[in-house]
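Take a look at the structure below.
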Amino acid sequence: MPGVAIIGSQWGDEGKGKATDLLGGRIDYVVKFNGGNNAGHTVVIGDEKYALHLLPSGILTPGVTPVIGNGVVVDLGVLFEELDHLEERGLDTSKLRVSGNAHVIPEYNRALDQVTERFLGKRRIGTTGRGIGPTYADKMTRVGIRIQDLFDENILRQKVEGALGPKNEMLVKTYNRRAFSVDEITDNLLQYSERLAPMVGDTALELHEALGRGETVVFEAGQATMLDIDHGTYPYVTSSSATAGGVATGSGVSPRQIDRIVGIQKAYITRVGSGPFPTELDDEFGDKLRERGGEFGTTTGRPRRTGWFDSVVARYSSRINGFTDIVMTKLDVLSTFETIPVCVAYDVDGTRFDEMPMSQSDFHHAKPIYEEFPGWTEDISGVSDFSDLPKNAQDYVKAIEELSGARISAIGTGPARDHIIELHNLLGD
């Protein structure tokens, strides 16, 4: 059985949990390999809705071992708040595994994230202010604090002391905020160590052994390709590797152990935060997509920016990630639109771009070139067979598949787990 990577192909919020749900009982492990609690999944099971921010969506599936990999940054308060919330609703969370090499988000990084974003004013990135970026920065400058450090108080105190000096200088002298003490930060982190200890281990080794036994391991990305630190719309990106390339570094498995790479894309497109967005709709059509699609952030509640499907972005994502399959979500949201424009290329100062412009400046000035497709009026919510879709909806899916550069293997037709059309087996035909 394979290792399967599930990757957002747009700017996030595509419904990656839908693909995980589709695999259902065929999964043994679900791994979150990047990001933190700055993004979320909404999963609907029957009449119950679950909003996950830090935990992988596999924690909702009985028998699955959920894993927080070394590439994740962990807010321990959020971790245990989510676990408590799920346990209160009767779910078993005892199988959760956490990499000892994952970094923790200390309180001073949340403070720095928030004041820095406010200081930037009109130049702000649009972060969630949860300390994600500063914690990844600490990781790269080698002053970060890892999960394993919580089990050696002397080491933890030394690391906090080494990191805190420059942080306090910045908070006090630049931003006129209060300083943190070493004891305050250390004691705050140590309070979690006893409860955390049974969950922590060498998850890279565990995953390697699971794959060696022929078990199915799903690697679930936080954020998405266009927010990737290297391949996204920099600087309006997240601070981690959200593409297929991040699977290996963020989990510790070999790239050779990844057999399927599944891209998730909405039938339209959304974005949260600042940055260029060529097909953005600041009109009644954008409002209609937002309302019909429930486009409000799982983690922040912020209204998402909405736009028509962008096939330039889709082709770029297919190329960067090497998608073997695509899951299209929220096709039902497009019902009742008379016509549905699709961006097939960009116009940049009179020059046509069929592929992603190389420079940030060109992308910022890109204007969409649209091809229009006839819409449909029928309610397709919950349709589970492709032949039951209206012909115009079928034609739209086939056109998007051709424009995207990879086969569409499943189509989401509503928020529930069983609101999906499966065209091909995501584990390989």
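Not measured: the values here are computed from a predicted model.
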- Asp183/Arg157 under salt bridge (charged side-chain N to carboxylate O under 4.0 Å, His left out): CA gap, chis, key distance, verdict: CA-CA 8 Å; Asp183 286 345; Arg157 189 170 295 275; 2.5 Å; yes

Checklist entry - If we ignore angles and hydrogens, is there a donor and acceptor under 3.5 Å between the side chains of Asp310 and Tyr346? => result yes

- prompt: Are Ser254 and Arg256 linked by a side-chain donor-acceptor pair shorter than 3.5 Å?
  reply: no

Nearest heavy-atom contact between Gly12 and Ala224 is N-CB, 3.1 Å

Result for side chain to side chain donor-acceptor pair (under 3.5 Å) between Glu295 and one of Arg290, Arg305, Lys266 points to Lys266

Correct closest heavy-atom pair for Glu14 and Ser9 would be OE2-N, 3.4 Å

Using a 3.5 Å distance criterion without hydrogens, assess whether the side chain of Lys32 forms a donor-acceptor pair with backbone atoms of Gly36. yes

Margin query: Run the side chain to side chain contact (heavy atoms under 4.5 Å, CB included) test on Asn70 and Thr249 for me, step by step, so that the C-alpha distance in whole Å, both residues' side-chain angles and the decisive distance to 0.1 Å come before the verdict.
Written below: CA-CA 8 Å; Asn70 58 273; Thr249 55; 5.9 Å; no

Discussion item. Tell me if a side-chain donor or acceptor on Asp325 pairs with a main-chain N or O of Val262 at a distance below 3.5 Å.
Written reply: no

**Prompt:** Side chains of Leu86 and Glu82: does their closest heavy-atom pair fall under 4.5 Å?
**Reply:** no

- Answer yes or no: is there a donor N or O on one side and an acceptor on the other, between the side chain of Asn34 and the main chain of Ser240, under 3.5 Å? no

Value for CD (Gln158) from CD (Glu153), rounded to nearest 0.5 Å, stands at 11.0 Å

Min side-chain heavy-atom separation Leu52-Ile59 under 4.5 Å: yes

Inset, instruction - Begin from the C-alpha positions of Phe309 and Thr279 and carry the test side chain to side chain contact (heavy atoms under 4.5 Å, CB included) through to its verdict. - result: CA-CA 7 Å; Phe309 187 84; Thr279 67; over 6 Å; no

Check: Is there side-chain contact between Lys167 and Asn109, with heavy atoms separated by less than 4.5 Å?
Finding: yes

| said: Any heavy-atom pair between the side chains of Trp11 and Val272 that's under 4.5 Å? | reply: no

Here the pair of heavy atoms bringing Tyr29 nearest to Ala210 is CE1-CB, 3.4 Å

Please answer whether the main-chain N or O of Phe33 pairs with a side-chain N or O of Ser251 as donor and acceptor at a distance below 3.5 Å. no

All heavy atoms of Tyr236 vs all of Gly275, minimum pair found to be CG-CA, 3.5 Å

> Sub-3.5 Å donor-acceptor pair from the side chain of Thr225 to the main-chain atoms of Gly8, do we have one?
Replying inline: yes

Using salt bridge (charged side-chain N to carboxylate O under 4.0 Å, His left out), reason through Arg110 and Asp75 one step at a time and then give a plain yes or no. CA-CA 10 Å; Arg110 288 194 297 273; Asp75 184 318; 3.1 Å; yes

dist His103:NE2 -> Met140:CE (nearest 0.5 Å) comes out at 8.5 Å

task = Ignoring hydrogens and angles, tell me if any N or O in the side chain of Ser409 forms a donor-acceptor pair with the backbone of Leu423 under 3.5 Å.
result = no

Neighbour count above 12 (heavy atom, 6.0 Å) for Asp283 CG:
yes

Okay, side chain of Ser99, backbone of Gly69: is any donor-acceptor separation there less than 3.5 Å? no

side-chain contact (heavy atoms from CB on, under 4.5 Å) filter on Ser318, not counting sequence neighbours, yields Phe323, Ile326, Ala406

Heavy atoms of Asp354 and Val344 approach each other most closely as OD1-O, 4.1 Å

What one should report as the nearest heavy-atom pair of Ala179 and Asn168 is CA-OD1, 3.3 Å

request  = Mark yes or no for whether Glu220, through its side chain, and Ser57, through its backbone, hold a donor-acceptor pair below 3.5 Å.
outcome  = yes

Thr216 side chain near Leu23 side chain, heavy-atom distance below 4.5 Å:
no

Check: Between the main-chain N or O of Gln10 and the side-chain N or O of Arg271, is there a donor-acceptor pair closer than 3.5 Å?
Finding: no

In this structure, NE2 of His364 is separated from CG of Asp362 (nearest 0.5 Å) by 11.5 Å

d(Ile229 CD1, Ser241 OG) to nearest 0.5 Å is 8.0 Å

Here the gap from Lys367 atom NZ to Asp349 atom CG, rounded to the nearest 0.5 Å, amounts to 9.5 Å

**Prompt:** Within a radius of less than 6.0 Å around CZ of Arg142, do more than 12 heavy atoms belonging to other residues, nucleotides or ligands occur?
**Reply:** no

Does a sphere of radius 6.0 Å around CZ in Phe285 hold more than 12 heavy atoms from other residues, nucleotides or ligands, not counting ones at 6.0 Å or beyond?
-> no

Within-4.5 Å side-chain heavy-atom neighbours: His231 and Met356 = no

* To do: Validate the cation-pi geometry between Lys288 and Phe337: distance from NZ or CZ to the six-membered ring centre under 6.0 Å, angle to the ring axis within 45°.
  => yes

Evaluate Leu96 against Leu79 for side chain to side chain contact (heavy atoms under 4.5 Å, CB included), listing each step before the verdict. CA-CA 11 Å; Leu96 177 66; Leu79 173 64; 4.0 Å; yes

So the side-chain hydrogen bond (donor to acceptor under 3.5 Å, both in side chains) pairs with at least one residue in residues 185-204 (sequence neighbours excluded) are Asp84-Arg195

Between Asp138 and Gly144 (side chain of the first, backbone of the second, donor and acceptor by atom type, cut-off under 3.5 Å), is there such a pair? no

query = Can you check whether Arg260 reaches Leu426 side chain to side chain, under 4.5 Å on heavy atoms?
reply = no

(message) With a 4.5 Å cut-off on side-chain heavy atoms, are Phe353 and Ile369 touching?
(response) no

Ring of Phe180, cation from Arg178 - is the NZ or CZ under 6.0 Å from the centre and inside 45° of the axis? yes

To the nearest 0.5 Å, atom CG of Leu207 lies from atom CD of Glu215 at 10.0 Å

(message) Checking Leu54 against Val72 for the side chain to side chain contact (heavy atoms under 4.5 Å, CB included) test, could you report, in this order, the C-alpha distance in whole Å, the side-chain angles of both residues, the deciding distance, and whether it holds?
(response) CA-CA 9 Å; Leu54 180 59; Val72 178; 4.0 Å; yes

